[in-house]
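Numbering starts at 1 and runs along the sequence shown. Hydrogens, waters and symmetry mates play no part in the numbers below; they use all other heavy atoms, side chains included.
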Amino acid sequence: MENKLKMVLSRWFFQLFTAILIVFFYTGTSYGMMLYKDLKQLSEEADYVIIGKVIGLNSEWNEKRTEIQTTVNILIEENLKNSMGSSTISITIPGGEVNGITQRVTDIPSFSANERVVIFLEQKGSGKLGVYGGSQGKLTIMDGKIGSKTLSQFKYQINSILKDKFPSVGILEAGTEPTINNITPYKASAGTNTQITISGSGFGSTPGHVWFYHQYPYSFSNDYSIISWSDSLIVSAVPISRDYYGNTISASSGPLLIETAAGQSSNEFPFEVTFSYGGSKWPGNSPVVPYKINPNTPDCTGEEIAVINAANTWNAVPGKSFTFNYGGST
């Protein structure tokens with residue numbers, strides 16, 4: 001009797017354990033473990049390599065309601081390998097969230113709205129695109145960098161890989177790396193159309209990018225600011241621009257570098273930005289600007305009178321474009 005009871009309990013525990021395994025590990029679709037691929041393999045084996053921004057996400061069940069799928073819409077900023085022939089693409093990946101139900105799939109990358117990414121793509125059947133290499137095939141661009149590399153350095157690395165495999169890519173040969181020798185003037189204002197001249201060698205005849213320092217470790221280029229470009233001389237205005245969230249960004253003091261059309265980066269050269277004008281102004285003709293003062297600063301006295309006197313000095317300037325009007329203390 002005791003042995004029979006042990007056999008019944010053992011069978012019951014085995015069935016319960018098996019059921020738990022099925023409940024917890026069934027995902028509806030089987031996905032194999034992805035083999036590791038380095039950057040060289042990803043670059044050479046992918047059909048396309050792009051830089052882009054996620055502009056839309058839509059998750060829904062498949063027809064049999066066994067799996068959630070997410071369609072990711074991407075605005076293409078730059079084609080690093082083969083042209084997509086379109087400014088936007090859509091890729092579908094398994095997993096996502098629908099009505100509070102979330103499905104995550106191993107080795108499949110996830111995307112978020114407004115995310116900037118580098119994606120290695122493969123052409124699938126029926127004209128569909130997929131991420132090549134699973135989660136390895138999608139890299140997030142954070143503050144203008146991928147990991148410890150700037151985006152321009154990362155692009156140059158991919159271009160160098162593709163040049164070895166596909167010589168027609170046209171990367172500059174060794175010994176012709178771009179070099180900045182001087183910038184005149186060495187300091188200027190941003191957003192005021194002030195021009196600087198960058199002299200050196202190896203810039204190429206086709207315009208590339210002038211990368212201005214913004215906030216560590218972020219830099220940006222505004223190609224509309226380039227006035228002229230030759231192999232040894234570049235003339236550019238010191239720019240302001242907009243980030244991908246619509247915020248104004250401005251060149252600031254720090255290293256400046258050149259990126260050629262072939263993707264090579266120059267040495268970093270120090271440049272000083274004296275001030276920045278983002279284009280903000282009070283509306284209307286000769287506007288009157290009201291202001292108030294909180295005179296409760298504990299470490300000084302007379303601050304209220306000092307500010308009023310300064311405003312009145314401005315108000316006395318002939319031909320001024322706006323006037324201050326003191327509205328009292330607050």
Side-chain angles (χ1 to χ4, degrees), residues 51-53 75 77-78 80 114-118 139-159 172 176-281:
I51 298 174
K53 177 186 177 185
L75 175 66
E77 297 177 16
E78 189 172 349
L80 300 184
N114 297 318
E115 183 181 22
R116 290 188 72 203
V117 291
V118 173
L139 302 171
T140 300
I141 303 171
M142 294 287 292
D143 296 328
K145 302 183 78 174
I146 298 176
S148 60
K149 292 184 174 64
T150 65
L151 182 56
S152 60
Q153 291 170 335
F154 183 82
K155 286 162 54 178
Y156 176 64
Q157 189 173 2
I158 289 182
N159 286 337
L172 296 176
T176 59
E177 290 84 0
T179 302
I180 299 175
N181 294 329
N182 195 25
I183 300 177
T184 55
Y186 69 92
K187 62 180 178 180
S189 58
T192 59
N193 293 320
T194 303
Q195 296 181 11
I196 60 172
T197 300
I198 306 165
S199 57
S201 61
F203 300 149
S205 58
T206 302
H209 305 286
V210 180
W211 288 94
F212 288 85
Y213 184 85
H214 174 48
Q215 292 176 357
Y216 181 81
Y218 185 63
S219 59
F220 77 97
S221 67
N222 187 338
D223 295 345
Y224 295 106
S225 299
I226 297 174
I227 311 300
S228 63
W229 186 293
S230 70
D231 188 64
S232 59
L233 211 64
I234 299 169
V235 178
S236 174
V238 185
I240 61 169
S241 187
R242 301 277 179 182
D243 65 13
Y244 286 90
Y245 303 98
N247 302 312
T248 299
I249 56 177
S250 168
S252 56
S253 299
L256 180 151
L257 64 86
I258 300 300
E259 180 187 357
T260 69
Q264 283 186 301
S265 297
S266 72
N267 57 308
E268 295 182 344
F269 202 93
F271 180 71
E272 183 178 343
V273 175
T274 52
F275 69 90
S276 172
Y277 173 58
S280 299
K281 60 183 180 180

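- Closest heavy-atom contact between I240 and S276: CG2-OG, 3.7 Å.
- From L233, atom CG reaches atom CG of D231 across 10.5 Å, with rounding to the nearest 0.5 Å.
- Judged purely by atom type and a 3.5 angstrom limit, H214 uses its side chain to pair as donor or acceptor with the backbone of S250.
- At least one side-chain heavy atom of I249 sits under 4.5 Å from a side-chain heavy atom of S241.
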Test L257 against S266 for side chain to side chain contact (heavy atoms under 4.5 Å, CB included), laying out the working first. CA-CA 6 Å; L257 64 86; S266 72; 3.7 Å; yes
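- Side-chain contact between T150 and W211 is absent, with no heavy-atom pair separated by less than 4.5 Å.
- Judged as a side-chain contact (heavy atoms from CB on, under 4.5 Å), and not counting sequence neighbours, the contacts of S225 are N222, S236, A237, P239.
- Atom CD of Q264 is separated from atom CD of E259 by 10.0 Å, given to the nearest 0.5 angstrom.
- Remark: E78 pairs with K155 by the salt bridge (charged side-chain N to carboxylate O under 4.0 Å, His left out) rule, at least two apart or across chains.
- Here I234 contributes atom CD1 and L256 contributes atom CG; the two are 9.0 Å apart, rounded to the nearest 0.5 Å.
- Between T260 and G202 the shortest heavy-atom distance is CG2-O, 3.7 Å.
- A 6.0 Å sphere centred on OH of Y277 holds more than 12 heavy atoms belonging to other residues, nucleotides or ligands.
- In this view, N267 and T179, I180, F269 satisfy the side-chain contact (heavy atoms from CB on, under 4.5 Å) rule, not counting sequence neighbours.
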Run the side chain to side chain contact (heavy atoms under 4.5 Å, CB included) test on V238 and F271 for me, step by step, so that the C-alpha distance in whole Å, both residues' side-chain angles and the decisive distance to 0.1 Å come before the verdict. CA-CA 10 Å; V238 185; F271 180 71; 3.9 Å; yes
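- For P207, the side-chain contact (heavy atoms from CB on, under 4.5 Å) criterion is met by W229, not counting sequence neighbours.
- Annotation: side chain of V210 is in contact with side chain of I258 (closest heavy-atom distance under 4.5 Å).
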Contacts under 3.5 angstrom, residues 193-200 side chains, donor-acceptor by atom type, not counting sequence neighbours:
{"from": "T194", "atom 1": "OG1", "to": "S189", "atom 2": "OG", "distance (Å)": "3.1"}
{"from": "T194", "atom 1": "OG1", "to": "T192", "atom 2": "OG1", "distance (Å)": "2.8"}
{"from": "S199", "atom 1": "OG", "to": "N182", "atom 2": "O", "distance (Å)": "3.4"}

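- What you find for P178 and F203 is that their closest heavy atoms are CB-CD2, 4.0 Å.
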